[in-house]
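Because the structure is a prediction, the values reported are computed rather than measured. Note that ligands are numbered from 1 as they come in the structure, with each ligand's atoms numbered from 1 the same way.
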Amino acid sequence: MRAVRYHGPKLPLRLEILPQPEPGPGEILVRVTAAGICHTELHFLSGLLDLGINPLTLGHEVVGRVEKIGPGVTSPRAGDRVIVYYYVGCGRCGHCLTGDENLCGTLQAEYGFVSDGGFAEFVKVPARNAVRLPEGLADEDAAPIGCGVTTAVHAQGLARLAMGDVALVYGVGAVSYGLIQLACHAGAEVIAVSRTPGKLEKAKALGAAHLIDAKEGKVAERVREITGGHGTDVIYELVATKETMAACTQAIAKRGRLVFIGYSEDSYTVHPIQLVITEASVMGSVGNTLGELVKAVDLVASGTVRTVVDRVLPLDRFQEGIDALAKGELIGRVVLRP
Ligand SMILES: [Zn+2]
Ligand SMILES: [Zn+2]
């Protein structure tokens, strides 16, 4: 089978031929029909995220059809259309037992991170990791649910976003499109910040009440103006450069929650007094749970959340997708069709 392989930081991805995996007991083989390219791929390529495993097939937003089932599998069945949950926890630790597999310290697999993922014709996963997709949801539109929408569902839960809150989404990409729609549905007022006019337009179309062009600077001052001095109750930080983190810290409301989803080479520095006098919380949000994937599929199937796809490319044109993502010119995901 053809697969896009990662060989380590600062090395190009390569399309290679690999043997087709064989599903073992409890496993299924999925014929991949759509796989989204996430910003995380860029972090692997730059070396900012280096889990030390390569060669490796990237891709953690995976949709496909069950090609083959291994011994003992009763569900899903061959031919079912599924989306893959990309964590396989140990199943025994405290985090796994409460469903927080994303926090498991002894992961058995993590597709597209430390285990072969979806930029390939086939991927092998435990049957439990396949969530059935309803009719009426195209494969390429479903792919961005896998990380984009699920990560937004997870972050919103951690942020304890409540009706009437003001939510700032700093940086507009696939996760942000989910965050904006979820926040609007929760009854929050959304402010979106980006340097790209097309992304701000899309944020507005999805419900953002206020837009701030980061190129104009003074983001925190603009937030204070918009909110009548209150600041924002929840801030989703998806860029996390020195400049954006400083703006977020200045924009936070009393008892506000600053949630890091994105990261860069830069470190976060804050004087404790800024947190003391505001009673603000700073937290991180990583990945998502299987339950959140099921919820995210329901949200998209019901039309409550829409995924945003910029373009669909055949697998062998993966580099075009990576380059467009790196340039920041995409309005939504690039989805590969192996
Ligand atoms: Zn991702
Ligand atoms: Zn565990």
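- None of Tyr87, Phe113, Tyr111 except one satisfies the ring pair (Phe, Tyr, Trp, His ring centres under 6.0 Å) rule with His60; the exception is Phe113.
- Salt bridge status for Lys254 with Asp233: absent, with no side-chain N to carboxylate O gap under 4.0 Å.
- Rounded to 10 degrees, the SG-metal-SG angle spanning Cys96 and Cys90 at the Zn ion (ligand 2) equals 110°.
- Note: angle at the Zn ion (ligand 1), from SG of Cys38 to SG of Cys147, is 130° (rounded to 10 degrees).
- Linking ILVMFWY residues whenever their side-chain heavy atoms come closer than 4.5 Å, directly or via other members, leaves Val276 and Tyr268 in distinct clusters.
- Other residues, nucleotides and ligands contribute over 12 non-hydrogen atoms within 6.0 Å of the CZ atom of Arg2.
- For the Zn ion (ligand 2), the set of nearby N, O or S atoms under 2.8 Å includes none belonging to His95.
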